[in-house]
Amino acid sequence: MSQQILNEQEVFRRESLTKLREMGIEPYPAALFPVNISSKEIKETYAEGLEKRDLLINELLEGKRVNVVLAGRLMSRRIMGKASFAELQDSSGRIQIYLNRDEICPGEDKELYNTVFKKLLDIGDFIGIKGYVFVTQVGEISVHVEEITVLAKSLRPLPIVKKDEQGNVYDAFVDPELRYRMRYVDLVVNQQVRETFLKRTKLMNSMRQFFNDHGYLEVETPVLQSIPGGAAARPFTTHHNALDIPLFLRIANELYLKRLIVGGFDGVYEFSKNFRNEGMDRTHNPEFTVMEIYVAYKDYNWMMEFTEQLLEKIAVDLYSTTEVPFGETVLNYKAPFPRVSMYEAIERFTGVDISNMDEAQLRVTCRQQGVEVDETMGRGKLIDELFGAKCEGNFIQPTFITDFPVEMSPLCKRHRTNPQLAERFELMVNGKEVANAYSELNDPIDQRERFMEQMRLADRGDDEAMTIDHDFLRALEYGMPPTSGLGIGVDRLTMFMTNQSTIQEVLFFPQMRPEKVH
RNA sequence: GAUUUCGUAGCUCAGCUGGUAGAGCAGUACACUUUUAAUGUACGGGCCCUGGGUUCGAAUCCCAGCGAAAUCACCA
């Protein structure tokens, strides 16, 4: 057991804790506190229709007196002798509270105000108050406190962020390392961080509602998989002791959802935490969330319409408009979105029509366009590189890119009119991929061949090639109806919908190197 | 993985060409019965990320390490 080294302020707070107990006040009481209103409800309910003069003189208010019980953290104090103002922060926001010594301590004993409130309580402590609503001389809706209860003592000083009348913020808690490592502090102190995460939840709820309204079923599929399929990525590996087998954290849930379509469900979706053992940067975290949905008897054209309706709904649910600011621009999610085929996109941004080129011609074209390529790259990979380098970043407003090379899409049905292409689209927003969808490959023989092709790639040294999943093939052999599937990067979509430029800002607890202990 | 920048009080930050530390907020004490970045007076608070080196002397210069951020590379 190592001795915790306390700074001066932590020592004071522990002393206050002891003194509270000596006074017979339990700093961590067990009983519930009968909260009956939130700070936001008070402000919304009483904001209108009350003349401040009417309310200022409390005696005049006897008839309209509004008793409230609320609780939260003490976030600031302005002590003026026998009266004090403070701010209480609950999950809905902050409200000013007013304490008067002789009202809190009606008898001779003034300890509760003089000692407990003024000395032993600190910023960050949880308290409960009972009192009534009033409006101050300058018009701020406040709570006049009649009873105060200690609910939980805070032993560490919070960063103090102050704001002036113009809304300028002083001493903001901004160090990203501290904010990510101690997200709880970040959330207490930075209102806008809290807003971002509320929007994230709203976004996911909006998606759920959309899918449920269509009658699709939310399901759960295995996170621990013995064959990490459905995507091309390096997995995290683990081991099951009882079975004595290696297991992998899923890199995708696609193959399981398709098994459920085989099983007879019309539409299934899952918010899937996926895990990929790859690099981290401002758009990649080792664990991340993808929403995948599979709908039977549909194709990728249907899915495009479904996707743009979904995105439009999300924007409206979050902002009551389809226009969402992002960085310097405004993204407009008003459906329909433009559809651009990959060949068209490449022609638009390079002036070269590659639709009839073979591998050798493509390699020359790439080099002419200044795209680095090597001899191991096949036709599909070359097109992908060309698109990534020359086109991708140009699609700022929501745009569907359609008809990818079939080699890059081993789980996707061949295009109905061009067997070199796949019936696949990606939704690009702000130059980044947000969603990916297929007319799903349901021909078991073609699927087996595609897996074999992946194995050949693996033998050639492509460590991202997919592993063959025999049970999945068996499922397809029983028959999967024509199906369209869609995957949406929830973290990335949240970034775009909340105007954040790093994934860390939309994950409560982004992956960090372990903190050093000393 | 590469490059660059950063790491000083609980928080936000100063600290020049080397002379072992400052401010604001927060804290402590006192005053103050409607303040709101409350105010006034006084006082505390530092392994200057860690470890080496150069030097009479290092927060400062050099090297290494640890952590973070940005850019690039990689990456369905």
Side-chain angles (χ1 to χ4, degrees), chain A residues 5-13 15-16 52 56-58 75-87 94-103 113 118-119 122-124 134-140 142 144 154-182 185 189 230-234 251-252 254 274 276-284 286 288 290 372 381 384 388 392 404 408-412 424 426 432-436 463-464 466 487 489 492 501-502 504 510 512-518:
Chain A
I5 297 160
L6 301 178
N7 66 46
E8 189 188 37
Q9 295 195 45
E10 290 171 328
V11 171
F12 279 126
R13 283 176 181 235
E15 285 170 5
S16 297
K52 59 185 180 184
L56 185 58
I57 310 302
N58 300 318
M75 291 304 285
S76 71
R77 280 189 302 176
R78 295 180 284 279
I79 296 173
M80 297 156 300
K82 297 182 186 64
S84 298
F85 284 94
E87 280 177 298
R94 286 190 188 188
I95 192 161
Q96 179 171 263
I97 63 175
Y98 172 76
L99 295 91
N100 181 305
R101 186 193 71 181
D102 296 326
E103 292 181 53
Y113 181 78
K118 281 169 69 174
K119 309 260 186 216
D122 291 290
I123 288 173
F134 76 114
V135 178
T136 64
Q137 281 179 347
V138 288
E140 180 155 350
S142 308
H144 195 125
S154 165
L155 296 182
R156 289 176 182 257
L158 286 171
I160 306 293
V161 181
K162 296 212 169 189
K163 234 189 248 184
D164 67 15
E165 270 179 51
Q166 284 77 42
N168 300 314
V169 176
Y170 298 85
D171 301 329
F173 180 57
V174 288
D175 184 326
E177 180 167 5
L178 294 177
R179 287 181 50 232
Y180 301 156
R181 287 195 195 282
M182 300 191 291
V185 173
V189 141
R234 280 164 52 201
I251 57 175
E254 171 159 356
N274 293 345
R276 296 187 185 177
N277 206 340
E278 289 169 351
M280 297 163 53
D281 59 32
R282 68 185 197 290
T283 55
H284 295 86
F288 61 102
V290 172
E372 262 188 57
K381 181 72 178 165
D384 192 56
E392 198 173 51
F404 286 60
M408 302 301 293
S409 315
L411 301 169
C412 181
R424 169 179 180 177
E426 287 190 355
K432 302 270 163 44
E433 175 198 340
V434 164
N436 182 24
D463 59 354
E464 283 171 7
M466 290 185 192
R492 205 168 277 185
S501 56
T502 72
Q504 287 97 324
M512 302 283 278
R513 280 205 163 76
E515 212 172 343
K516 75 178 162 189
V517 186
H518 50 253

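Just the heavy atoms: all of them, side chains too, but no hydrogens, waters or symmetry mates, feed the values below. Below, chain A is the first sequence line, B the second, and so on; all start at residue 1.
- Residue-level contact check: A/N7 touches the backbone only, with heavy atoms under 4.0 Å from sugar-phosphate atoms and none from bases.
- Within 4.0 Å of A/K119, counting heavy atoms only, lie sugar-phosphate atoms of the nucleic acid but no base atom.
- Across all strands, A/R282 comes closer than 4.0 Å only to sugar-phosphate atoms, never to a base (heavy-atom distances).
- Across all strands shown, B/rU3 pairs with B/rA70; the Watson-Crick or G-U wobble distances both stay below 3.5 Å.
- Using a 4.0 Å heavy-atom distance criterion, A/D384 is classed as making no nucleic acid contact.
- Backbone-only engagement by A/Q504 is indicated by non-hydrogen atom pairs under 4.0 Å involving sugar-phosphate atoms exclusively.
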Candidate pair A/R78 and A/Q96, rule side-chain contact (heavy atoms from CB on, under 4.5 Å), full reasoning: CA-CA 10 Å; A/R78 295 180 284 279; A/Q96 179 171 263; 2.7 Å; yes

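- Between A/K82 and B/rU34, a side-chain N or O to OP1/OP2 separation shorter than 4.0 Å is absent.
- You'll find that the side chain of A/E140 is closest to B/rU35, out of B/rU12, B/rU35, B/rC32.
- Protein atom CD of A/E10 is 14 Å distant from nucleotide atom P of B/rU28, rounded to whole Å.
- Applying the Watson-Crick and G-U wobble criteria (two distances, each under 3.5 Å), B/rC56 pairs with B/rG19.
- Heavy atoms of A/E426 sit nowhere under 4.0 angstrom from any nucleic acid atom.
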Could you go step by step and tell me if A/R492 and A/E433 meet the side-chain contact (heavy atoms from CB on, under 4.5 Å) rule? CA-CA 8 Å; A/R492 205 168 277 185; A/E433 175 198 340; 4.3 Å; yes

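- Counting all heavy atoms, side chain and backbone alike, A/S16 lies closest to A/D122 at OG-OD2, 4.3 Å.
- The C1' atoms of B/rA26 and B/rC13 are separated by 14 Å, rounded to the nearest whole Å.
- Here A/R276 lies in heavy-atom contact (under 4.0 Å) with sugar-phosphate atoms only.
- Spacing of C1' atoms, B/rG15 relative to B/rG53, comes out at 24 Å, to the nearest Å.
- Residue A/D102 places its side chain closer to B/rU33 than to any other of B/rU33, B/rA26, B/rC75.
- We find the CG-NE2 distance between A/L99 and A/H144 to be 8.0 Å, quoted to the nearest 0.5 Å.
- Across all strands shown, nothing is found opposite B/rC47 as a Watson-Crick or G-U wobble partner with both distances under 3.5 Å.
- Across the P atoms, B/rA59 and B/rG24 are found 24 Å apart, a figure rounded to whole Å.
- Nearer the 5' end of RNA chain B, as judged by each residue's closest nucleotide, is the contact made by A/R101, out of A/H284 and A/R101.
- The partner of B/rA14, taking Watson-Crick or G-U wobble pairs whose two distances both stay under 3.5 Å, does not exist in any strand shown.
- Proximity of A/R78 to the phosphate of B/rA38: a side-chain N or O atom is located under 4.0 Å from OP1 or OP2.
- By the 5.5 Å and 30° criteria, A/Y170 is not stacked with the base of B/rG24.
- Atom pair A/I160:CD1 and B/rG24:P shows a separation of 16 Å (rounding to whole Å applied).
- Rounding to whole angstrom units, CD of residue A/E8 and P of B/rG10 are separated by 9 Å.
- Using a 4.0 Å heavy-atom distance criterion, A/L178 is classed as a sugar-phosphate-only contact.
- Summarising the geometry, the separation between CD on A/Q9 and P on B/rG10 is reported as 8 Å, rounded to the nearest angstrom.
- In a base pair of the Watson-Crick type (N1 to N3 plus N6-O4 or O6-N4) or a G-U wobble (N1-O2 and O6-N3), with each distance short of 3.5 Å, B/rA29 is matched with B/rU41.
- Scanning all heavy atoms of the two residues, the minimum distance from A/N436 to A/R424 falls at OD1-NE, 3.1 Å.
- Heavy-atom minimum distance, A/K163 versus A/G167: CG-O, 3.8 Å.
- Separation of atoms CE (A/M182) and CG (A/L158) is listed at 9.5 Å; rounding is to 0.5 Å.
- Here, B/rU4 and B/rU41 have their P atoms 48 Å apart, quoted to the whole Å.
- Using a 4.0 Å heavy-atom cutoff across all strands shown, A/D281 reaches at least one base atom of the nucleic acid.
- Comparing the C1' positions of B/rG45 and B/rA2 gives a spacing of 42 Å, expressed to the nearest Å.
- The residue A/T502 sits close only to the backbone: its heavy atoms come under 4.0 Å of sugar-phosphate atoms, none of a base.
- Atom CZ in A/F173 sits about 15 Å away from atom P in B/rA68, given to the nearest Å.
- The distance from atom CZ of A/R513 to atom P of B/rG1 is 7 Å, rounded to the nearest whole Å.
- Which of B/rU34, B/rG24, B/rA26 sits closest to the side chain of A/M80 comes down to B/rU34.
- Nucleotides B/rU60 and B/rU20 are separated by 11 Å at their C1' atoms, to the nearest Å.
- Between the P atoms of B/rC6 and B/rC25, the separation comes to 28 Å (whole Å).
- Of the possible donor and acceptor atoms, one in the side chain of A/R13 sits under 3.5 Å from a partner among the backbone N and O of A/S154.
- One can place CG of A/D175 at 13 Å from P of B/rC49, the figure rounded to the nearest angstrom.
- If you find the closest nucleotide of RNA chain B to A/R77 and to A/Y180, the one lying nearer the 5' end belongs to A/R77.
- Among the heavy atoms of the strands lying under 4.0 Å from A/Y98 is at least one base atom, whether or not backbone atoms are also near.
- Rounded to the nearest Å, the gap between the C1' atom of B/rU54 and that of B/rC61 is 8 Å.
- A/V161 comes within 4.0 angstrom of nothing in the nucleic acid, heavy atoms only.
- The backbone N or O of A/A83 lies less than 3.5 Å from a partner atom in the side chain of A/Y113, making a donor-acceptor pair.
- For A/R181, a side-chain nitrogen or oxygen approaches OP1 or OP2 of B/rA68 to under 4.0 Å.
- No contact: A/A252 has no heavy atom under 4.0 Å from any strand.
- Between the P atom of B/rU35 and the CG atom of A/D164 lies a distance of 18 Å, rounded to the nearest Å.
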